[in-house]
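All heavy atoms count here, side chains included; hydrogens, waters and symmetry mates do not. Numbering of ligands and ligand atoms starts at 1, following listing order.
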Amino acid sequence: MTISPPASNQSFVVPPVGSQIDYGYFMNCVHCGLCTSACPTYLETGNENDSPRGRIYLMRGVVDGRIDLTDTVKHHLELCLDCRACETACPSGVQYGRLIEPFRVEMQQRELAAGDSQANGWFQKFILYGLFPYANRLRWALAPARWAQRLGLDRLADGLGVTRLLPKQLQRMQALLPKLPSPTPRLPEVLSPVGKRRARVALFTGCVADAMFGPTNWATARVLQHNGCEVIVPRNQVCCGAIHYHSGAGEPALQLAQQNAAAFNVDDVDAVIINVAGCGSMLKDYGHVAHELAPVGHVSNVPSQHEHVGNVLHERLDKFAHKVKDVSEFLMSLGPIKPTGEIKLRATYHDACHLCHAQKIREQPRDLLSLVPGLELVPLAESEICCGAAGSYNLTQPEMAAQLGRRKLENILKTNAQAVITGNAGCSLQLQMQLRQSGHDIWVAHPMDVLDLSYRQQQPACLR
Ligand code: SF4
Ligand code: SF4
């Protein structure tokens, strides 16, 4: 049931930000506060406005016209990681993501429309939208950095203070850069199963992940092959659109969703496989994103044929979304073939927020890793507390990202693990940076990196 906001609201000529959100989502919150201790930003600041309950109160106040959307209110909302830990903690089933995501999209859209210089800045235009979503452009852009690392010029530039001359956001990007692996060849369009075919799957390779974690994409494809999967890698696939959607660029996000739905022939495969938690969460949400960004009847001024177009769009994106599976989720439902290569490694597992909170995937990666002979998986305290990566959060909210990164690092170091394993590219970058800056040599791996080595009877570099 859709509950309307108070009637007094109707006097607004321009409706307040968030007015399009189903008011019932706000009403589900009973203000019990049981979510606050799960919220990373509240744990760090102790400020109620940085808690889920406080943010819901702020957003609802704006929608009701009781609270002005001041810079302070915006700051509390922008500081949210959208990690969805509050959804896991909430006993009332509040769908916090359904509130904060459209609210921030609209907030950003209004800033863009008003010509706000930060929302329209060079970083958004050339880096966030012009570089990150394009794996090939990113590969080219990373080539000089790779050579600089090989020749030690990056350390020299740091030592001479040259990097401090860069704009702040580029400095942060430079700090996040991991030791770049050699470029991997492009995955073939079709990879055959090892042994009898058990499934046919399509692999979503991503944009940033494809450019920076090519070896993990290859490892994922090989693990799928070892499990009897024929793997299709559609050539026309594009960025999932999460970068755009989460920064308020709704229209390009919807276009990318449509391009992906066209690139993947979902009738022809058992699943669309993704190995990055953030992208997986976005892909699984395509149906909802379509409803939110192109509601039927709002596609145009109601002519029935436009309603039909809207319905077709929703159905296509819903259908695509239902085929998407995280690789761990898929392998556990298929019944994994036990790897036999021994890897004597003490490892711990960090839950990526968009895997555990948004997709409710917790046991499957751990169950897969427990199959690797010799691998000891030790628990990580606060495993489900965000590491501070959260998409581009560590570029836009560097202080809080660094605080949460240090908190995660302390917990990792307490485990005495030789490796930390996680299923998200953003977490991997954040963890690698924290470990590198604190001088710790701990391997940061994806579950598929470890499984692949075990299937191929090989050892990780940290054990060689
Ligand atoms: S979001 Fe849930 S847990 Fe948090 S205050 Fe509201 S009802 Fe309580
Ligand atoms: S999404 Fe994460 S950071 Fe945001 S309110 Fe919920 S728990 Fe806190």
Say whether [X] and [Y], considering side chains only, have a donor N or O and an acceptor N or O under 3.5 Å apart.
X: Tyr23; Y: Asp64; value: yes
X: Gln434; Y: Ser438; value: no
X: Tyr286; Y: Asn260; value: yes
X: Asp326; Y: Asn275; value: no
X: Asn411; Y: Glu382; value: yes
X: Thr205; Y: Asn217; value: no
X: Arg362; Y: Thr88; value: yes
X: Ser92; Y: Asn28; value: no

Contact atoms of ligand 1, heavy-atom distance to [X] under 4.0 Å:
X: Arg53; result: 5 (S)
X: Ser92; result: 7 (S)
X: Cys90; result: 1 (S), 2 (Fe), 3 (S), 7 (S)
X: His31; result: 5 (S), 6 (Fe)
X: Val30; result: 6 (Fe), 7 (S)
X: Gly33; result: 5 (S), 8 (Fe)
X: Pro91; result: 3 (S)

Protein contact to [atom] [nearest heavy atom, distance to 0.1 Å]:
atom: atom 4 (Fe) of ligand 2; result: Cys80 SG, 2.3 Å
atom: atom 2 (Fe) of ligand 2; result: Cys83 SG, 2.3 Å
atom: atom 3 (S) of ligand 2; result: Leu81 N, 3.4 Å
atom: atom 6 (Fe) of ligand 2; result: Cys86 SG, 2.4 Å

Residue portion contacting ligand 2 (non-hydrogen atoms closer than 4.0 Å) for [X]:
X: Arg55; result: side chain
X: Tyr96; result: side chain
X: Ile100; result: neither

With respect to atom 4 (Fe) of ligand 1, please indicate if Cys35 possesses an N, O or S atom at a distance under 2.8 Å.
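Yes, within the cut-off.
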
Qualifying residue, where the test is salt bridge (charged side-chain N to carboxylate O under 4.0 Å, His left out) with Glu44 and the options are Arg406, Lys408, Arg407:
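Answer after filtering Arg406, Lys408, Arg407: Arg407.
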
Atom 8 (Fe) of ligand 2 to Cys39: any N/O/S contact under 2.8 Å?
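Short answer: yes, at least one N, O or S atom is under the cut-off.
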
Which segment of Cys32 sits under 4.0 Å of ligand 1 when only heavy atoms are counted
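It is both backbone and side chain that touch ligand 1.
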
Non-hydrogen side-chain atoms of Phe26 and Val63 separated by less than 4.5 Å
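A side-chain contact exists here, since the closest heavy-atom pair is under 4.5 Å.
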
Report, in ascending order of atom number, the atoms of ligand 2 lying under 4.0 Å from any heavy atom of Arg84.
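Selected atoms, number and element: 1 (S), 2 (Fe).
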
Among Arg110, Met59, Met107, which one satisfies side chain to side chain contact (heavy atoms under 4.5 Å, CB included) with Leu69?
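When Arg110, Met59, Met107 are each tested with Leu69, the side chain to side chain contact (heavy atoms under 4.5 Å, CB included) holds only for Met107.
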
